[in-house]
**Q** 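The structure under discussion is supplied below as structure tokens; questions concerning it will follow.
In what follows, every chain begins at residue 1, and chains take the letters A, B, ... in the order their sequences are listed. All values reported here derive from a predicted model rather than from experimental measurement.
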2 protein chains.
Amino acid sequence: MSVAPKRPKGPPLNAMRAFEAAARNVNFVAAAEELNVTPGAISQHIKALEGWAGTPLFRRNAQGVELTPEGQSLVPVFSAAFDQMADAARALRDLKPNADFHIAALPAVAQLWLPKRLRRIREELPEINFSVTAMENPPSLSREMFDLSIFFAVPDGSSNQIALAQDVIAPVCAPTLLDRAHCSNGFREIPILHDQTWNDDWFTWSRNVGFDLQIDASGPQFSLYSLAVEEAKASAGLLMGHLCLIEDALESKTLLFAHSRSCPTGRSLVVSLPSKTRQRSETSQVVALLSN
Amino acid sequence: MSVAPKRPKGPPLNAMRAFEAAARNVNFVAAAEELNVTPGAISQHIKALEGWAGTPLFRRNAQGVELTPEGQSLVPVFSAAFDQMADAARALRDLKPNADFHIAALPAVAQLWLPKRLRRIREELPEINFSVTAMENPPSLSREMFDLSIFFAVPDGSSNQIALAQDVIAPVCAPTLLDRAHCSNGFREIPILHDQTWNDDWFTWSRNVGFDLQIDASGPQFSLYSLAVEEAKASAGLLMGHLCLIEDALESKTLLFAHSRSCPTGRSLVVSLPSKTRQRSETSQVVALLSN
DNA sequence: GCACTAGCCTTAGTTTTTCTACACCAAGAA
DNA sequence: TTCTTGGTGTAGAAAAACTAAGGCTAGTGC
């Protein structure tokens with residue numbers, strides 16, 4: 001009964017957004033990353049929503065969460081709603097005609113590959129303002145406010161992806177190290193530089209090339225590939241080079257091939273675009289200049 | 001240029017909601033009422049959104065706001081998005097099978113008309129928990145979490161509305177006053193009770209009946225019709241009675257007709273339901289018992 | 001069998017945002 | 001003129017959201 005004095009409020013929008021992301025990823029940490037907050041924030045949002053609904057939406061296990069049937073049943077309608085919201089947000093942003101052109105890219109790509117091309121693009125299209133955001137995982141271009149992303153991936157053949165170059169890897173090092181290796185007993189005592197995000201590069205290469213390399217996993221670790229590249233240039237050790245990212249260094253002979261064999265990783269440097277209807281007008285020009 | 005360190009954030013969801021309501025009503029006060037906040041809150045949300053977009057969405061005039069062309073262009077996509085959100089919210093709420101059945105009604109209806117029927121309905125359907133919210137304006141049943149609303153309105157003929165009774169008005173007063181009027185010179189010196197939300201009732205009636213009543217606009221004013229009814233029962237003056245709301249008092253002769261002529265206002269007491277797909281399973285039973 | 005580690009989520013407390021109350025302004029109505 | 005209506009600005013209060021630190025569980029090494 002009870003004549004309620006207050007209007008019954010709908011569920012909090014931010015909690016709904018958190019739930020949508022968590023349900024899609026089936027993982028609070030991933031959702032947190034996507035929304036740029038800590039997992040705790042997601043946890044609380046979900047709890048608030050569960051409290052509002054009076055039903056648990058996730059089952060919490062030690063090794064992660066899983067959706068309850070109730071939670072599962074909400075996924076389609078929630079995803080549809082936030083797709084629509086993203087469209088609305090995009091419409092709002094596109095009111096400003098010369099808003100920044102937002103590019104998302106892997107940190108390594110943003111630092112090693114993009115600057116040169118961007119400089120040229122800026123000369124061609126000085127009226128466009130670019131903004132580059134580095135991140136580990138490709139964002140959803142339908143949901144987030146990016147106009148273009150550049151990541152390593154296996155192209156899916158859709159028309160919204162353009163493969164720019166195969167990802168080919170080969171061991172490289174500074175000239176001084178190469179000399180030293182020739183004089184002494186090869187590369188045995190030269191440290192191997194590891195990049196955290198591409199930890200299995202050495203394994204991939206050695207397997208592919210058939211070279212039984214006893215990988216020195218204890219070598220220096222770098223959280224950013226560009227740091228590893230700088231160290232390699234400074235003769236700190238052997239780097240597994242992603243050729244498209246170190247073109248300049250190879251050309252200027254700041255880095256040299258330490259072995260004659262290279263190997264493709266199977267992935268490519270891929271430019272992804274939002275669906276046609278959501279693309280900015282400048283997109284095609286930018287893409288043309290990027291893939292020159 | 002600029003390698004942005006932070007992910008570009010989308011617009012704040014709550015500000016988007018505020019905008020949607022404001023744009024639909026073209027009125028910040030109405031939007032504030034709808035969202036149960038003060039107009040200041042709406043104003044700030046809109047300002048934030050305009051700041052985010054970099055474009056004004058409303059033109060502020062002294063006597064109200066109007067949408068700019070940019071703002072206007074957003075209305076369809078925003079409305080669609082929040083329709084979807086409302087569906088998602090409803091799906092969330094409906095996970096709990098025995099959630100309260102929410103009824104929205106005019107305060108007068110909630111206090112004078114509903115209690116009797118609700119008592120009977122509760123006897124018939126004891127498993128349903130009812131919650132009644134009084135408000136001046138009918139809520140959007142697709143957007144807000146109500147399952148049913150009861151207001152005075154001109155029925156639109158849609159299948160989601162059921163007209164329960166015509167709204168018929170006639171002057172009434174307590175028996176003692178009627179006696180006094182008969183003894184002395186009629187109703188001249190008996191005060192007229194006014195309800196703030198139905199201020200023109202007296203005008204409507206006198207015009208319709210052709211009775212040239214010099215309306216004493218200086219009579220006591222009541223913000224709630226039920227207060228005026230109580231005062232009338234206590235012999236405080238003449239009340240313009242909405243017959244369907246004072247059935248009991250008329251039957252028990254606590255209030256009597258002060259004039260033989262009654263007049264329909266053209267409106268009816270109307271039950272509104274959400275669209276079929278959004279109705280709770282209990283809805284039809286409740287409606288049947290309400291309209292018995 | 002017992003520590004140790006690595007993921008992943010939750011809790012407590014703090015920071016940030018959002019809301020309200022109220023004063024104020026401008027334009028039209030009485 | 002004064003009143004009314006609708007919006008804005010601000011300071012303080014309330015509420016929401018966030019982060020940092022902690023806890024739980026499963027798997028791993030000894």
**Q** Main chain of A/Pro107, side chain of A/Gln111: is a donor-acceptor contact present, judged purely on distance under 3.5 Å?
**A**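 Answer holds: yes.
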**Q** For the pair B/Tyr225 (side chain) and B/His242 (backbone), establish whether a donor and an acceptor sit closer than 3.5 Å, ignoring hydrogens and angles.
**A** yes
**Q** Taking the six-membered ring for Trp, is the centroid-to-centroid distance between B/Phe19 and B/His45 below 6.0 Å?
**A** no
**Q** OP1 or OP2 of D/dG7 less than 4.0 angstrom from a side-chain nitrogen or oxygen of B/Ser43, does that happen here?
**A** no
**Q** Quick one: is B/Asn27 getting a side-chain N or O under 4.0 Å of the D/dG7 phosphate, OP1 or OP2?
**A** yes
**Q** Excluding sequence neighbours, so at least two apart, what forms salt bridge (Lys or Arg N to Asp or Glu O under 4.0 Å) with A/Arg90?
**A**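 Applying salt bridge (Lys or Arg N to Asp or Glu O under 4.0 Å) to A/Arg90 gives none.
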**Q** Atom CD of A/Glu66 to atom C1' of D/dT25: distance rounded to whole Å?
**A**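 Those two atoms, CD and C1', are 15 Å apart.
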**Q** May I ask you to say whether B/Glu34 pairs ionically with B/Arg24, meaning some side-chain N is under 4.0 Å from a carboxylate O?
**A** yes
**Q** In whole Å, I'd like the distance from the NZ atom of B/Lys47 to the C1' atom of D/dT10.
**A**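 For the pair B/Lys47 NZ and D/dT10 C1', the rounded distance is 10 Å.
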**Q** What I want to check is whether the side chains of A/His102 and A/Asp147 have a donor and an acceptor closer together than 3.5 Å.
**A** no
**Q** Which residues pass the salt bridge (Lys or Arg N to Asp or Glu O under 4.0 Å) test with A/Arg17, sequence neighbours left out?
**A** none
**Q** Just the rounded figure in Å: distance from P of D/dT19 to CG of A/Leu35.
**A**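 Whole-Å distance recorded here is 11 Å.
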**Q** Has A/Arg60 got a side-chain N or O lying under 4.0 Å from the OP1 or OP2 atom of C/dC8?
**A** no
**Q** Please report, rounded to the nearest Å, how far the P atom of D/dA16 is from the CH2 atom of A/Trp52.
**A** 14 Å
**Q** Expressed as a whole number of angstroms, how long is the span from A/Phe28:CZ to D/dC18:P?
**A**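 The answer, rounded to whole Å, is 14 Å.
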**Q** Nearest-Å distance, CD (A/Glu33) to P (C/dC9)?
**A**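 It is 12 Å, rounded to the nearest whole Å.
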**Q** In B/S/- notation, 5' to 3', how is nucleotides 19-30 of chain C contacted by protein heavy atoms closer than 4.0 Å?
**A** BB------S---
**Q** Which whole-number value in Å describes the distance from A/Arg17 CZ to D/dA16 P?
**A**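 For the pair A/Arg17 CZ and D/dA16 P, the rounded distance is 16 Å.
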**Q** Could you give all pairs that pass the side chain to side chain donor-acceptor pair (under 3.5 Å) test and reach residues 68-82 of chain A, with sequence neighbours left out?
**A**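 Matches after skipping sequence neighbours: A/Glu20-A/Ser79, A/Thr68-A/Glu70.
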**Q** Tell me which of A/Pro12 and B/Ala30 sits closer to the 5' end of DNA chain D, going by the nucleotide each one is nearest to.
**A**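 The residue whose closest nucleotide sits nearer the 5' end is B/Ala30.
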**Q** To the nearest Å, give me how far apart CG (A/Leu13) and C1' (D/dA16) are.
**A**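 Rounding to the nearest Å, CG of A/Leu13 and C1' of D/dA16 are 13 Å apart.
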**Q** Measure the angle between the two terminal helix axes of the helix from C/dG1-D/dC30 to C/dA30-D/dT1, five base pairs each, and quote it to 10°.
**A**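 Roughly 10°, once rounded to the nearest ten degrees.
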**Q** Show me the pairs that pass side chain to side chain donor-acceptor pair (under 3.5 Å) and involve residues 48-57 of chain A, at least two apart or across chains.
**A**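 Every pair satisfying side chain to side chain donor-acceptor pair (under 3.5 Å) with a residue in residues 48-57 of chain A: A/Glu50-A/Arg60.
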